[in-house]
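Small disclaimer: the values here were computed from a predicted structure and weren't measured. Values reported hereafter were calculated over all heavy atoms of this structure, with side chains retained and with hydrogens, waters and symmetry mates removed. Chain letters run A, B, ... following the sequence lines, proteins first, then strands; residues in each count from 1.
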Amino acid sequence: MITPFTANKTAPLPFAYKYDNQIYDFNPYVSPSGHRRKKQRRNSSMASSDDSDVSSDSDSKPTITLDKMKIDVNFANEVSFFSESSSSDLDSLPDYSDDDFSPFSDVEDGDTTTGSDFSSPDRCDLKSPPLIKGSNINSIIGQVSELVSEPEPEYQPPSIFEVPEIVYRILKIVDVQTTHVPQEVPPVSRNSCTLPKSLSSQQLTSSMSGTLYNCLMVNRLFYQITKEILNEKIIFSNEGHFNKFVDVLEKSLNARILKPKVLVLHKLFTAKQKTWEILKSRIDYSNIEHLELYMCPKLYPQFTTKESTLQLEKLRKLVVTGSRVLDDKFLINLSETCCNLQTLDIRACELVSDYGIYFIGQRCTQLKEINFGRKNRGSLITDLSCSVLIRNNKQLKTVGFAGCHISDKSIWDLAVNCNTTLERLSLNNCPLITNQLIPLILHSDYFERMSVLELRYVSSVTNWKPVIEFKRRQEFRGISMLIEVCDDLNRQMKKQELEMDKCLSKRIFRDIVIWMNELDDGDLPYQTFVEQQLQQQQQQQSVQLK
Amino acid sequence: MEDHSEDDLVNHIALKIGLIGDSQIGKTSLMVKYVEGSFDEDYIQTLGVNFMDKKVTIRNTTITFSIWDLGGQREFISMLPLVSNDAIAILFMFDLTRKSTLNSIKEWYRQVRGFNKTAIPFLVGTKYDKFIDSSYQDQLEITQQAKKFGEAMNAPVIFCSTSHSINVQKIFKIIISRAFDLKLHLDEIVNIGEPILLYKH
Ligand SMILES: Nc1nc2c(ncn2[C@@H]2O[C@H](COP(=O)(O)OP(=O)(O)OP(=O)(O)O)[C@@H](O)[C@H]2O)c(=O)[nH]1
Ligand SMILES: [Mg+2]
């Protein structure tokens, strides 16, 4: 049997037990040195959305690579891109016109025409040296000037690194490749051979992560644009840095209001609500897509101001884990403001109960990933709310009910409503699950997309045969199926699997032997062949005789 | 309990089989015959590699034969790894009516062994229906030579006719019995002039 780890890239639920424990067991008064294993990993959903952003651009426009030869090849197209981009693409680009800093203000004559005026002869006055030197770039420039028009002798077009649109794109690519939302690496439990791999990937990302900051120091244009990009994502995983950042925000009187798309605070165990309030006062939430307070136990995010309720229509992903303050009131509020929410991860927020989740389930209908896993106070979350939520959200892909007091009823609701979408299900420590429904559902081949099923400490499940059969069917479909169980159950399951294999191979061989020894297999028996040949010869002879 | 589960569980086995040999000996014909049951007089040269899947379902077990056929022209030898890698059996084929194609087997065998040392080799003579028209002397020579090669390669020897459906199914049954070491109750055919079936050594 191939182990799923090596067979496929299926990772366990991101909120797997080991790391859940960090959340569940977290004690803010103990030094969090155990949590310092900061491993950064690209957040897949985030990255993919950003990636598509860039690649869709490069579909219509020539790719901008720093490979000089490529630029050489594509330049003819790029010329047209310069003149078109201002009209077609401006909405997606940040507007620099309101800045006192003009992209070409270091040009001596103070010429402030925009990059789209590229072919204007005024450009000839440009004196700033191109950022890349070398014969190659010069030859490109030569070609461009030919393409663009008058080959006047003093004509010196700007380097591509002076065109804000291009610099923006370059830096955007740097951002996509090097900015990562900090994430727990899924545990590599039991399979130590995958460990070196994850370590090396960690080294890679951490060595790259400062690249965007370096871009700040290239020149004013780079600084301006990089800052713009950096302000779209506010990500902190270090309390010192975070406090400093808020400090600066507080002190600068006329600082701009930030409009981030991503706001992530990762393991700021001691961050205070007061600090958060200061940050909040400087933030405009209207663009926010991803808000994450990962194990920041003292922070209470709040969208309502005294005057009005914000509508956060763009918010897709909300992660607040291990919070000691998050309560039902927050969820009720959330259900009113964020109807487009797709990911709701409130693991180990133990104040939350059915009451809050019921409102989410009533009003949110776009949910794809939910996680209510918890270690204590599981009885606060039951079928009452989960059932409603499942019935209103028929596209759930990832569901985490670890430790909740849901029963087979919710599982059945999942089977009926999310049969074709569900991929990952965690039922660790769910005490009310019985041996009846899960084996039955898997036996009946529900959940055709499922790749992770976590059943740790669900000791009531003992009928493993349907589970193993389901796993094999999934593997035959090309889905490498991971069933997570505790060691004891694992042993039970392995034993059952071996038994099944023995009996299986016996049956297979019995079937094959029957097939092999069937007499009438479609081949012509030699005897019949000889008779046919004789008949033919006789016929031929009689024809000849006639 | 036991009976119930037999009904709803289908077991799958997949086997890859490579067809190797000189040009125009009938490799593609054999593959098409086994998979589709049809035979075509016309010759269409195989350019590179062909492959087809044949599914055989026996009660609750499905066997999938993936048959890979390499064009016999020398220029396609570079694609040999595609056909021979991971194959459970390789059919070394020759034309019973052309002695030179039998002699080529040595070289084919050497080449294939370079990529796959574990595949079970088979020696398959084709066009048996035409073979019976050749002189007794020729038949004797070819048959003896083939038996000698079969022994040297430790390979079953089978003469077949794709056009007349002789020993086509048998080839694949013998592959299975060899691959899983299962007992096959099938008489060998050893006499000169008959469609040879030698697989029990
Ligand atoms: N009479 C007779 N003709 C056959 C038999 N098998 C193949 N042929 C004929 O032999 C010719 C060549 O067959 P192919 O199967 O195309 O040969 P091949 O080995 O695939 O040739 P390449 O693709 O060039 O390697 C065709 O015209 C077939 O009709 C057979 O058993 N009996
Ligand atoms: Mg062919």
Report, by ascending residue number, the residues of residues 25-42 of chain B in heavy-atom contact with chain A at a distance under 4.5 Å; give 'none' if the set is empty.
B/Y34
When you compare the side chains of A/N428 and A/E454, does any donor N or O come within less than 3.5 Å of an acceptor on the partner?
yes
Tell me yes or no: between the side chains of B/K54 and B/T64, is some donor less than 3.5 Å from an acceptor?
no
State yes or no: are the ring centers of A/F447 and A/F470 separated by less than 6.0 Å?
no
Ring centroid separation for B/F92 and B/F122, is it under 6.0 angstrom?
no
Pick one of side chain, backbone, both or neither for B/I132, based on which atoms fall under 4.5 Å of a heavy atom in chain A.
side chain
Between B/V168, B/D129, B/L184, which shows the greatest number of heavy-atom pairs under 4.5 Å with chain A?
B/L184
What is the ring orientation for A/F476 with B/H12, classed by angle as parallel under 30°, tilted 30 to 60°, or perpendicular over 60°?
parallel
Relative to each other, are the rings of B/H164 and A/F529 parallel, tilted or perpendicular (30° and 60° limits)?
perpendicular
Under 3.5 Å donor-acceptor pairs involving side-chain atoms of residues 97-106 of chain B, not counting sequence neighbours:
| residue | atom | partner | partner atom | Å |
| --- | --- | --- | --- | --- |
| B/T97 | OG1 | B/D95 | OD1 | 2.7 |
| B/R98 | NE | B/D95 | OD2 | 3.4 |
| B/R98 | NH2 | B/S23 | O | 3.2 |
| B/R98 | NH2 | B/Q24 | O | 3.2 |
| B/K99 | NZ | B/E141 | OE1 | 3.4 |
| B/T101 | OG1 | B/D95 | N | 2.9 |
| B/T101 | OG1 | B/D95 | O | 3.2 |
| B/T101 | OG1 | B/R98 | O | 2.7 |
| B/N103 | OD1 | B/Q145 | NE2 | 3.4 |
| B/S104 | OG | B/D22 | OD1 | 3.4 |
| B/S104 | OG | B/D22 | OD2 | 2.6 |
| B/S104 | OG | B/S100 | O | 3.1 |

